[in-house]
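Contents: one structure, followed by commentary.
Both backbone and side-chain heavy atoms feed into the values below; hydrogens, waters and symmetry mates do not.
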Amino acid sequence: MDKKILGSLWFTERREVKPIGIILIETGYGKKAYIGTGWGASQAVDEQKIADTGAKFPTDVALKLFGMDT
């Protein structure tokens with residue numbers, strides 16, 4: 001399944017500690033959101049890690065956080 005990262009929101013100030021983030025992705029079948037921790041290596045790597053291993057996050061809440069309607 002191809003996942004396109006639409007956005008990410010981070011809750012840690014320093015990237016060298018395991019960053020906590022919410023990501024919003026487009027799966028080809030609709031938008032999904034996940035929450036999890038990254039490794040702190042790079043934003044792109046951390047976004048992919050959360051997309052692959054994160055816990056489900058309510059998509060409607062994520063859309064509001066990212067300022068998207070649908």
Side-chain angles (χ1 to χ4, degrees):
M1 164 173 58
D2 282 335
K3 300 173 197 167
K4 179 182 177 189
I5 306 289
L6 300 176
S8 58
L9 180 64
W10 301 95
F11 296 97
T12 47
E13 293 182 22
R14 297 181 4 229
R15 295 218 42 91
E16 58 271 6
V17 292
K18 287 190 171 191
I20 299 166
I22 296 171
I23 64 154
L24 182 65
I25 64 172
E26 175 59 57
T27 66
Y29 299 101
K31 294 177 178 71
K32 302 285 182 185
Y34 297 93
I35 188 169
T37 58
W39 288 307
S42 75
Q43 183 171 333
V45 169
D46 290 343
E47 287 171 341
Q48 191 60 53
K49 179 182 182 286
I50 294 171
D52 293 339
T53 65
K56 290 181 182 178
F57 187 83
T59 304
D60 60 331
V61 174
L63 289 168
K64 289 178 184 176
L65 286 171
F66 288 102
M68 300 178 186
D69 291 332
T70 56

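Glu47 pairs with exactly one of Ile23, Leu24, Asp52, Ile25 by the side-chain contact (heavy atoms from CB on, under 4.5 Å) rule, that one being Ile23.
Between the NZ atom in Lys49 and the OG atom in Ser42 there is a gap of 12.5 Å [rounded to 0.5 Å]. Residue Thr59 holds its OG1 atom at 12.0 Å from CE of Met68, rounded to the nearest 0.5 Å. Here the OH atom belonging to Tyr34 is positioned 6.5 Å from the NZ atom belonging to Lys3, to the nearest 0.5 angstrom.
Contact of the Ile22 side chain with the Phe11 side chain is registered, since non-hydrogen atoms from C-beta on lie closer than 4.5 Å. Side chains of Lys18 and Asp46 form no contact here, defined as non-hydrogen atoms less than 4.5 Å apart. Contact check for Phe57 versus Ile50: no side-chain heavy atoms found under the 4.5 Å cut-off.
Residues Lys31 and Leu6 come closest through the heavy atom pair CE-CD1, 3.7 Å. Contact between Gly40 and Pro19 at its shortest, heavy atoms only, is N-CD, 3.5 Å.
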